Amino acid sequence: MTTAVLSRPKIDKTWLSQYGVYLAVVLLVLYNIFFTPYFLTWSNLRIQLIQVAPIVIVALGMALVIGTEGIDLSVGSVMALAAALIPLYLGYGVIAAVLVSLLAGVAVGLINGVLVARVGLQPIVATLALFVGGRGLAVVISEGKLKDVRNADLLYLGSGDLLGLPVLVWVAAVLVLAVAFLVRRTVFGRRLLAIGGNRRATELAGLPVTRVLITVYVLCAVLASIAGLLSVARIQSSDASAVGLLIELSAITAVVVGGTPLTGGKVRVLGTVAGALLMQLVIATMIKHDLQPSTTEMVQAVIILIAVYVARERKTR
Amino acid sequence: MSLLHVTEVSKTFPGVRALDRVSFTLRPGEVHALVGENGAGKSTLIKVLTGVYQPDEGELTYQGSPARFGTPMDAQHAGISTIYQEVNLVPLMSVAQNLFLGREPRNALGLVDRKRMEREARELLAGYGVTTDVRRPLGTLALGAQQMVALARAVMIEAKVVIMDEPTSSLEPREVRTLFGVIRDLHARGIGIVYVSHRLDELYEICDAVTILRDGRVVHTGQLAELSRIRLVSLMLGREMTEGATAFSGAATGDGDAPPVLRVRGLNSRHKLHDVSFDVRPGEVVGLGGLLGAGRSETIKAIGGAYHLDSGDVEVDGKDLRKPTTVRAVKAGIAVQPEDRKAEGIIPTLSVRENIALAVLPRLSRLGLVSDARVDEVVTAYMTRLRIKAASPDQAVGDLSGGNQQKVLLARLLATGPKALLLDEPTRGIDVGAKAEVQSLIDELAAEGLGVVLVSSDAEELIEGSDRVVVLRDGVVVGTLTGAEVTTEDLMAAIAGERS
């Protein structure tokens, strides 16, 4: 038997790229506890979690797509589509409305996936089509109007509580666990990472690359439509021109800050959650300390640059 | 007088002492072989010479005065050019643009003088035996021709030292002759050449001096003519070797009367393959001979469903594959080891474990959930059997040596339980020890009843490893060597078309 030597973890670039995001979250929380009044109140923490939940849900799908060396710009438009469809079908009950909006996600995901995997378009171009067209369609569907939503069952999803936590947060947490499980434990997850690592080699190994890729884009779009319908439930109205606006950027930021490389082959699910939390905390902290939104944006930019710098591929021999 | 000299150079990477007080001298007009197994420190030494790495200790002297190359550009400007194993030019740019990249001839307006550039490129390349439309994107040329372009580019830059890292690994024999012609010419002009290769024949033909590295240290340096082959190999490996170029047993395997495990009929692919047919019986190793571009890789890929076919049939164990796709081929029991290990074989970001288990995950899981225990069982079995050297199964494959990467790839293929194993250059770019291991593995697998198709540019490997050799030329089967005909002479004759 060899004796295991427990050495103190060395804090270098590798360590930073793996755990830096968690460290940053902890530091920021500590700062707020000491310097931000009312930070440690239940109502404040609640608001933070509710605000971050949709971003986390969208970022989960984005992380999967980025893991295949792809990107999905259409997530915000998918949210808008889901939001536009909800009031139309609420008359048939919440379940029907939710199913229809999820189906919209499936449809968008199929289009994205087929364009990327079968037609061979570059992901950024393929998803750009629905990034533009999807929201347009959503506005047409909703006739450009803001619609109030008063269905009690749907509103429960957005503002109800379960065991002391908002339902919204429960949904996000369950999805995080599901996606983490998917990536770590399933055949699908491993194939996804293999495609991101070397698509050509994965094809030659006899794996159903096209099918896996299409599924990944469908999952991403379905997650986005869940985020979309939850947003409607939370703000109690559906506005196709505003729901999910620019969320693709927040999601990509969360994924990248969380340590998932854009070059594919690796997905860090918990890192993505931490990335989303970090960005949310940064914004909240700046607002609480009365800094301009423009300053907040610049700080966000610096964080993104640091994350990308730390995650740079180590030069190999 | 030395042209380039390093004294007691050391370089340490986290966990590895890549160079340990290495001294090396290159004289003008000398062709100096730099040999050693993978991981011996050759690449690191080259990178120190070319300014990619800064040595931790030791000194560099260039043309009689101390030198220090901060960047590869510094070294290039000083006259040290490098040609790497994998051509590193821009595949989408034209041949001419690649040749003149960064040194484009200008016209009076300061714009690139395209006409002149293309004319000069054509003239220059003719001297290297490359006759092609220099406006074509470089990536559309055969690998050998690309290498020649890289060489022409290196020599153009007023080089005083040219470093060649396995320059012949993707060249066909005719191109090797051209390359050697160029090397002799450089030699006569007093240019120093550092020549890295695993091919002993070439070393003895073209090199004057030799430096042997092992585990980051110089174990021998001197005139090559004074060193016997067997001594050279044993110095490299650090163990005594007996004569015998390959590890193949030479014993014929395969049952001549058994029905073929792989039956290939009438493969046609526009411009590349014309009516290619052959059989492989269980236990038989069928070599595919021919020059670069003869259609050997295309044949293998087409059988594996990874190359477009206009027509043709592939049968495994009597079952027709219909139109082969990669998924269907693997299912039917065909395993293909592609030529380009890095681009088409391994998945560098994943661990050894994931790479080996990749193709058989469904078998090792229940309801889509991967069973770690079952994966470990398979992975451990193959790591032991193929003697894969890795820190642990969790190590990223990208960090392994070429030989071990190749073994990981073979393990992935074998795990699928193939009936026919198609190997495209299985020992290219891997060290001597791993090469021997892969060769004996091929023998062993054939003895177990697998049908093997072997493509190798190494004539010795092809001849000693194969029971039968199907010779291709320009996508057409031009002959089959059987029994006593499986010799290098017969192979050359068949390729050259001088065999009845």
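Because the structure is predicted, anything quoted here is derived from the model rather than measured. Chain A is the first sequence line, chain B the second, and so forth, proteins listed ahead of strands; every chain is numbered from 1.
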Give me the atom names and distance for the closest heavy-atom approach of Val352(B) to Ser392(B). CG2-O, 4.4 Å
Using a 6.0 Å cut-off, check whether atom OH of Tyr19(A) has over 12 heavy atoms from anything other than its own residue. no
Check the surroundings of atom CG in Leu92(B): do more than 12 heavy atoms from other residues, nucleotides or ligands lie under 6.0 Å from it? no
Of the backbone (N, CA, C, O) and the side chain (C-beta and beyond), which part of [X] lies under 4.5 Å from a heavy atom of chain A, both, or neither?
X: Ala329(B); result: neither
X: Ala335(B); result: neither
X: Val336(B); result: neither
X: Asp372(B); result: both
X: Leu369(B); result: both
X: Ile346(B); result: backbone

Only pairs of heavy atoms separated by less than 4.5 Å count here; which of Lys266(A), Arg185(A), Arg199(A) has the most with chain B? Arg185(A)
Which one wins on heavy-atom pair count under 4.5 Å against chain B: Ala194(A), Pro208(A), Gly265(A), Gly264(A)? Ala194(A)
With sequence neighbours left out, what residues match Leu249(A) under side-chain contact (heavy atoms from CB on, under 4.5 Å)? Leu246(A)
Picking from [options], which has the most non-hydrogen pairs under 4.5 angstrom with chain A?
options: Ile347(B), Val52(B), Thr325(B), Leu364(B); result: Ile347(B)
options: Ala306(B), Gly368(B), Ala357(B), Ser43(B); result: Gly368(B)
options: Leu367(B), Thr326(B), Val370(B); result: Val370(B)
options: Ser365(B), Gly345(B), Gly305(B), Ser371(B); result: Gly345(B)

Please determine whether side-chain contact (heavy atoms from CB on, under 4.5 Å) holds for the pair Ile303(B) and Val453(B), giving the CA-CA distance in whole Å, both sets of side-chain angles, and the decisive distance to 0.1 Å. CA-CA 11 Å; Ile303(B) 296 170; Val453(B) 178; 5.7 Å; no
Between Leu267(B) and Val314(B), does a side-chain contact (heavy atoms from CB on, under 4.5 Å) hold up when you go through it step by step? CA-CA 8 Å; Leu267(B) 298 188; Val314(B) 175; 4.2 Å; yes
Any donor-acceptor N/O pair, Tyr217(A) side chain to Val65(A) backbone, under 3.5 Å: no
Arg200(A) with Glu203(A): basic N within carboxylate O range, under 4.0 Å: yes
